[in-house]
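What you are looking at is a predicted structure, and each value in this text was computed from that prediction instead of being measured. Nothing fancy with the numbering, it's 1 onward along the sequence.
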Amino acid sequence: MSRVLIVGAGLTGSLCASLLRRELPNKVNIVVWDKSRGAGGRMSTSRSPNDPSCTVDLGAQYISATPYYARIHSSFYEELLAQDILKLLVAPVEGMMLKEEEIVNYVTPHGVSSIIKHYLRESAGAEVLYDRHVTHIHRKDTGWEVCRKGGMPERFDIVVLTMPVPQILQLQGDVESLMGENQRRMLEAVSYSSRYALGLFYKADTRIDVPWAAKYVSNNPCIRFIAIDDKKRNLASKKCGPSVVVHTSVPFGIQHLEEEKDVVQPIILEELEKVMPDLPQPDSIKCQKWRYSQVTRSVADCPGQMILHSQPLLVCGGDGFTHSNFDGCIESALKVFE
């Protein structure tokens, strides 16, 4: 039985694991490694340290389906809707720009990471391990030896890399020599935006009186987006306190990218007070730096994946090979699976 390693437990990686399990139920042994402490990647949901029922989405905020993708990926949308993982976004979002008519927006009542957890459950039997930071990949006979920080090397027949492209380029071992000069140039040309996200958690019975559930901010140098997360998901509850997520602008994110989070957090809070002067004091705060937030330039002429070596198979995927949204990751996972 082939042993397959998927590096990255974000949307592309979890969906690859699910597709492998569904289509090849008894032919592969699936292992998923992620360098973080939990699943989700940029579809990350964080819990209040004082109340686990109070959560906030620090990455993706909602899913927008164009008519084209709603049609070609209908089975994925229907599955998530049927299981109440997705619901229509009905709460008001101030300043939302509709790039195309008939776009349908969805939210995740249980947090955006519930999509990732669903696909990992669907890959039943897959060994999903966290705090696994891959550093080296070596060609060994008919397979691969994969090394990680603070652990013993392991052998795999197939390796699928779904982390951000700059992290693929940082891998040591045989990856560099296996990569063609043209492939390297294509990967080096990929670019990402960077930003910070702040999650603010509140005690039960705290009121945040604003007429919107989410808002795009255009007149602040630091803050670009704010959401009252429970209101955005249409989940307001007296038993659980509200939560607020703040996304900074990309220029602010780039300007402060190499600074420590505890230096940047007070700056964001100071600017937030200007935008929302009546916002109550939170019970706790989580600051997240997204170095690789959204793909601004993907791999050219490379739909969904790139094969670095065919026998044994070493393949890359993720939104860096398509575009930064739900459908881009589905597209990539399907191409990797093919």
State, yes or no, whether a side-chain contact exists between [X] and [Y] at a heavy-atom distance under 4.5 Å.
X: V160; Y: T162; answer: yes
X: I268; Y: Q265; answer: no
X: V56; Y: F201; answer: yes
X: T248; Y: I223; answer: no
X: Y69; Y: I72; answer: yes
X: L81; Y: Y106; answer: yes
X: K35; Y: M163; answer: no

Within the side chain of [X], is there an N or O that forms a donor-acceptor pair under 3.5 Å with the backbone of [Y]?
X: Q183; Y: I307; value: yes
X: H247; Y: L58; value: yes
X: E23; Y: R21; value: no
X: W212; Y: A91; value: no
X: S298; Y: T322; value: yes
X: R132; Y: D34; value: no
X: D51; Y: S53; value: yes
X: S113; Y: G40; value: no
X: N105; Y: L89; value: no
X: K335; Y: F321; value: no

Can you tell me how far the [atom1] atom of [X] sits from the [atom2] atom of [Y], to the nearest 0.5 Å?
X: R148; Y: T135; atom1: CZ; atom2: OG1; result: 10.0 Å
X: H110; Y: R233; atom1: NE2; atom2: CZ; result: 9.5 Å
X: L314; Y: L5; atom1: CG; atom2: CG; result: 10.0 Å
X: L308; Y: M179; atom1: CG; atom2: CE; result: 5.0 Å
X: H118; Y: I85; atom1: NE2; atom2: CD1; result: 4.5 Å
X: Q281; Y: T206; atom1: CD; atom2: OG1; result: 11.0 Å

- Message: Could you walk me through whether F326 and F76 satisfy the ring pair (Phe, Tyr, Trp, His ring centres under 6.0 Å) test, starting with their C-alpha distance in whole Å, then the side-chain angles of each, then the deciding distance to 0.1 Å, before giving a yes or no?
- Response: CA-CA 10 Å; F326 179 70; F76 296 95; 7.6 Å; no
Mind telling me whether [Y] and [X] have parallel, tilted or perpendicular rings, with 30° and 60° as the class edges?
X: Y216; Y: Y62; answer: perpendicular
X: F252; Y: H256; answer: tilted
X: Y292; Y: Y192; answer: perpendicular

- Message: Counting neighbours of CD on Q83 that are heavy atoms of other residues, nucleotides or ligands and sit closer than 6.0 Å, is the number greater than 12?
- Response: yes
- Query: Under 6.0 Å from the NZ atom of K289, do we count more than 12 heavy atoms belonging to anything else shown?
  - Reply: yes
[X] and side chain to side chain contact (heavy atoms under 4.5 Å, CB included): which partner among [options]?
X: I6; options: T12, I158, L20, V159; value: L20
X: C54; options: P242, S46, C240; value: C240
X: I63; options: N325, V104, I115; value: I115

- Task: Go through the steps to decide whether T296 and S191 satisfy the test side chain to side chain donor-acceptor pair (under 3.5 Å), and finish with yes or no.
- Result: CA-CA 5 Å; T296 53; S191 60; 2.7 Å; yes
- Do NZ/NE/NH1/NH2 and the carboxylate oxygens of R185 and E188 come within less than 4.0 Å? no
- Message: Check R22 with E79, please: is the shortest side-chain N to carboxylate O separation under 4.0 Å?
- Response: yes
- Got a sec, which residues hit side chain to side chain donor-acceptor pair (under 3.5 Å) with R42, two or more places apart in sequence or on another chain? D319
- Query: Of all heavy-atom pairs between A65 and Y77, which one has the smallest distance, and what is that distance?
  - Reply: CB-OH, 3.4 Å
